[in-house]
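Numbered from 1 within each chain, the chains take letters A, B, ... in sequence-line order.
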There are 2 protein chains.
Amino acid sequence: MAQAAGELTLNQSQVLGHLRAANAPMTAYQLLGRMQNDRGAVAPPTVYRALKALEEAGLIRRIETLRAWAPVATVRPGVVVICDDCGTVRGVEAPGLLESLHERLVAEGFAEARKTIEVHGRCGDCAEDRA
Amino acid sequence: MAQAAGELTLNQSQVLGHLRAANAPMTAYQLLGRMQNDRGAVAPPTVYRALKALEEAGLIRRIETLRAWAPVATVRPGVVVICDDCGTVRGVEAPGLLESLHERLVAEGFAEARKTIEVHGRCGDCAEDRA
DNA sequence: TGGATATACGTTATAGTATAACATAGCGCA
DNA sequence: TGCGCTATGTTATACTATAACGTATATCCA
Ligand SMILES: [Zn+2]
Ligand SMILES: [Zn+2]
Ligand SMILES: [Zn+2]
Ligand SMILES: [Zn+2]
């Protein structure tokens with residue numbers, strides 16, 4: 001079943017669909033449950049293969065501190081902000097910040113390959129709910 | 001065996017000792033192996049309890065992208081820089097950077113509780129080795 | 001045309017990470 | 001002495017991820 005570059009397989013687009021439909025990151029086994037609802041017997045490697053392909057395609061990322069996965073669309077560019085009350089995750093643009101860190105490391109001879117920046121706390125909406 | 005505030009139990013100081021003696025972060029099960037060498041039968045909760053107490057005491061942190069643990073002394077203030085070749089981890093001071101991100105989030109009404117910033121790549125030494 | 005190769009997926013098993021739940025032992029103190 | 005607190009022991013289990021092998025199908029080209 002060779003795949004044209006840039007196209008998703010059924011497996012991959014189902015996983016991506018579930019992630020996009022969710023309002024919070026999903027764990028691999030939550031996705032597995034959804035896939036089993038859709039299709040009957042599905043085993044973990046099926047989900048993990050889709051996650052790997054989608055990540056390599058730049059369509060999703062793993063939220064390390066949640067051990068869960070989110071579409072990059074909801075998490076854009078580098079800084080991931082997570083509300084521990086409502087579970088929502090969003091991306092914050094901070095290009096200057098990322099660039100200055102990058103320069104810092106270059107100056108020390110470090111060749112940067114991958115950055116993870118995740119901030120936990122409570123979002124404005126949840127703070128209001130407690131007020 | 002009630003414990004005076006600020007003192008470590010034997011269990012905790014053994015775990016901390018192993019982490020401080022290592023030149024790279026250790027996984028919980030690597031620590032478990034060391035503890036078993038030291039003491040015979042040891043089960044996972046023993047290690048995880050020590051890790052939790054040490055983390056709450058501010059003495060260690062979990063390196064999320066490695067699923068492993070390191071003493072804060074080697075990882076100081078916020079930005080964790082990890083060489084994927086030699087496995088070493090160090091902390092980089094970047095107070096301005098952290099502060100500007102903090103202000104950014106405050107301005108949006110987000111109450112920050114915990115930040116994880118981890119950068120993977122190749123350190124200067126390892127780059128030289130390949131030259 | 002037909003065989004070599006490559007990719008995706010199925011299937012089974014297992015590795016690796018973390019916690020729940022309950023039992024025991026020592027200590028401080030009413 | 002009896003009670004409550006904390007740390008640890010012990011057993012079992014939950015949760016996360018990958019190894020290994022098999023099958024089907026598409027593609028390439030001799
Ligand atoms: Zn579905
Ligand atoms: Zn919230
Ligand atoms: Zn030891
Ligand atoms: Zn290195």
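- Taking 3.5 Å as the limit, the base of dG10(C) and the side chain of Arg39(A) contain no donor-acceptor pair of atoms between them.
- The nucleotide whose nearest atom lies closest to any side-chain atom of Arg62(A) is, among dT8(D), dA8(C), dT16(D), dT16(D).
- DNA chain C is contacted by both Pro44(A) and Arg49(A); Arg49(A) maps to the nucleotide lying nearer its 5′ end (nearest heavy atom per residue).
- Note on the helix from dT1(C)-dA30(D) to dA30(C)-dT1(D): angle between the axes of the first and last five pairs equals 0°, rounded to 10 degrees.
- Under the 4.0 Å criterion applied to side-chain N and carboxylate O atoms, Arg122(B) and Glu128(B) are not assigned as salt-bridge partners.
- Distances were taken from every side-chain heavy atom of Tyr48(B) (C-beta onward) to each of dA18(C), dA8(C), dT11(C); the shortest belongs to dA18(C).
- Distances shorter than 4.0 Å separate some side-chain N or O of Arg67(B) from OP1 or OP2 on dA17(D).
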Quick one: side chains of residues 94-102 of chain B, donor-acceptor pairs under 3.5 Å with protein atoms, not counting sequence neighbours, listed by atom name and distance.
{"from": "Ser100(B)", "atom 1": "OG", "to": "Leu97(B)", "atom 2": "O", "distance (Å)": "3.1"}
{"from": "His102(B)", "atom 1": "ND1", "to": "Glu112(B)", "atom 2": "OE1", "distance (Å)": "3.0"}

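- Rounded to whole Å, atom P of dA7(D) lies 12 Å from atom CD of Glu7(B).
- Side-chain atoms of Asn11(B) lie closest to dT8(D) of the nucleotides dT8(D), dC9(C), dT11(C).
- On a pure distance criterion of 3.5 Å, a polar donor-acceptor pair joins the side chain of Tyr29(B) and the base of dA18(C).
- The side chain of Thr46(A) approaches dG10(C) more closely than any other nucleotide in the set dT11(D), dG10(C), dT8(D).
- Among the nucleotides dA18(C), dA17(D), dA21(C), the one closest to any side-chain atom of Trp69(B) is dA18(C).
- Residue Glu55(B) contributes atom CD, which lies 13 Å from atom C1' of dA18(C) at whole-angstrom precision.
- For Gln12(B), counting side-chain heavy atoms from C-beta on, the closest listed nucleotide (dT8(D), dT12(C), dA20(C)) is dT8(D).
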